[in-house]
Number of protein chains: 2
Amino acid sequence: MTQETTQAAGRPRNAEASDALKREALRLVREQGYGVSIAAIIKAAGVSRQTLYNRWSTKAELLLDALFELADMQVAIPDLSQPGPRRAVLTTYMREVFHHVRKDADLLRIFISQAQSDPAFRAVLYDRFVEPRDLIVVDVLRDAQARGEIAQDRDPALISAMIHGAFWYRLLLDLPLDDDFAAALVEDAFRGAA
Amino acid sequence: MTQETTQAAGRPRNAEASDALKREALRLVREQGYGVSIAAIIKAAGVSRQTLYNRWSTKAELLLDALFELADMQVAIPDLSQPGPRRAVLTTYMREVFHHVRKDADLLRIFISQAQSDPAFRAVLYDRFVEPRDLIVVDVLRDAQARGEIAQDRDPALISAMIHGAFWYRLLLDLPLDDDFAAALVEDAFRGAA
DNA sequence: ACAATTAATAGACCGCAGTCTAATAATGAA
DNA sequence: TTCATTATTAGACTGCGGTCTATTAATTGT
């Protein structure tokens, strides 16, 4: 048991090839847009076509991995053990999400686009991007309910869908996702007496 | 002045070719999905490739025209001169929108998808689909505000973005768009005292 | 009749993502 | 050492949307 993971038979994968592919793919897409060709990516990474397709089944899956690994996509999960109004917590969270998204908004739009004609990719995107963020917002909203900040009879999952939906709607229509919009969204979601 | 519109010089366009293209394109896409090839569409329509591209610049634009002309995409605009709560009016409207969308949900998802890599198509989709529906909802919400059904300090455009956003969010995630969801959406949008 | 103009046709062509093939390279096991 | 196994490589190949070319057809104006 000297190797980190159980060593399979045969020639091992070249980890540097994986790193180079992710790095060069993300760099080229940021520089030239998603239209950059696979040929250009493998040339920049110095590997063959098959080496890419041994690791990822589509360009979109390569870029999704690249973005999650090389861009700091992960936003800090709100700490609900701390005191203070949950409305402020959610505003801060959504502002951070928008902030991170703004840097690679084009790529995120392309991911949602690709998911529409590739069910496998839709599932991956859902598991890695959509559901985690949805669960975080639902948790904050439930806590807000417990604290009496929003009415008991409302459905946190529905509110989360409206917040994330408005986020996607503006993203896909190429409209700005700024701090004011995040605040307005949360304000409206928390509006009214508990 | 015997012709309906001013007759340009040269050979006139064959209107039947346009009709056949829209009809066969929509039929084939409904039967086989958007992946159906241009070659199959022009063969079914009995025209040449160039005849299609003389009329539409992409497959998506052909299908958008086809859907708007051949599927009854237009939902009745709510009559705000009638009495009665605007909440019910909006619920009915959103249910009708969902009902129409359900028949060609795959195609609508593809339109949003294509709009992400084709700015010209995004503009067309926005003008013909997004903005008209947005304006209708904003009008109903403004009327609801005037009638005291929702608070004066809320922003109808934001509420519409949350409603349509949640609609798109569920559409793009391939989750059901049913009557219950329409009602829940409108109920939450109208919640709280005016 | 004839010229000018625009449409329609068949089919070649381009660049693309993704697949496939055949040869070679690197590893563990026997 | 040899074998089995998996990775890598170069490059051919497929099917696609969309473009381009050359030829022919239909219309208006003179």
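All values below come from the heavy atoms of this structure, side chains included, with hydrogens, waters and symmetry mates left out.
- The distance from atom CG of B:L62 to atom P of D:dG18 is 10 Å, rounded to the nearest whole Å.
- Distances were taken from every side-chain heavy atom of A:I38 (C-beta onward) to each of C:dG18, D:dG17, D:dT9; the shortest belongs to C:dG18.
- Along DNA chain D, the nucleotide nearest to B:G10 and the one nearest to B:Q114 differ in position, and the one closer to the 5' end is contacted by B:Q114.
- One can find a donor-acceptor pair under 3.5 Å joining the base of C:dT19 and the side-chain atoms of A:R49.
- Atom CH2 of A:W56 and atom C1' of C:dT19 are 18 Å apart (whole Å).
- Rounded to a whole Å, the CZ atom of A:R11 is 8 Å from the C1' atom of C:dT24.
- Considering only side-chain atoms of A:Q50, the nucleotide from D:dA25, D:dT9, C:dA26 that sits closest is D:dT9.
- Phosphate contact (OP1/OP2 of C:dA8, side-chain N/O of B:N54, threshold under 4.0 Å): present.
- Distance A:E16 CD to C:dA25 P: 21 Å, rounded to the nearest Å.
- If you check D:dA10, C:dA25, C:dA17 against the side chain of A:K59, the one that comes closest is C:dA17.
- The backbone N or O of A:L67 lies less than 3.5 Å from no partner atom in the side chain of A:K22, so there is not a single donor-acceptor pair.
- The phosphate of D:dG18 (OP1 or OP2) has no side-chain N or O of B:S57 nearer than 4.0 angstrom.
- For B:F129 and B:F111, the ring centers are positioned 6.0 Å apart or more.
- Rounding to whole angstrom units, CG of residue B:L52 and P of C:dA7 are separated by 15 Å.
- The distance between atom CG of A:D118 and atom P of D:dC16, rounded to the nearest whole Å, is 17 Å.
- The listed nucleotides are D:dA10, D:dT19, C:dA8; the one nearest the side chain of B:S48 is C:dA8.
- Both A:A9 and B:R55 lie close to DNA chain C; mapped to their nearest nucleotides by heavy-atom distance, the more 5′-ward contact belongs to B:R55.
- With hydrogens and angles ignored, the 3.5 Å screen pairs a side-chain donor or acceptor of A:H100 with a backbone N or O of A:D72.
- Taking the six-membered ring where tryptophan is involved, the planes of B:Y169 and A:W168 are perpendicular, since the angle between them exceeds 60° and thus also 30°.
- Between the NZ atom of B:K43 and the P atom of C:dG11 there is a distance of 13 Å, given to the nearest Å.
- Between B:T51 and the phosphate of C:dA7, there is no side-chain N or O to OP1/OP2 separation shorter than 4.0 Å.
- Side chain of A:N14, nearest nucleotide from D:dC16, C:dT19, D:dT8: D:dT8.
- Protein atom CZ of B:R13 is 17 Å distant from nucleotide atom P of D:dT28, rounded to whole Å.
- B:L135 and B:L125 fall into different hydrophobic clusters, where Ile, Leu, Val, Met, Phe, Trp and Tyr side chains are chained together by heavy-atom contacts under 4.5 Å.
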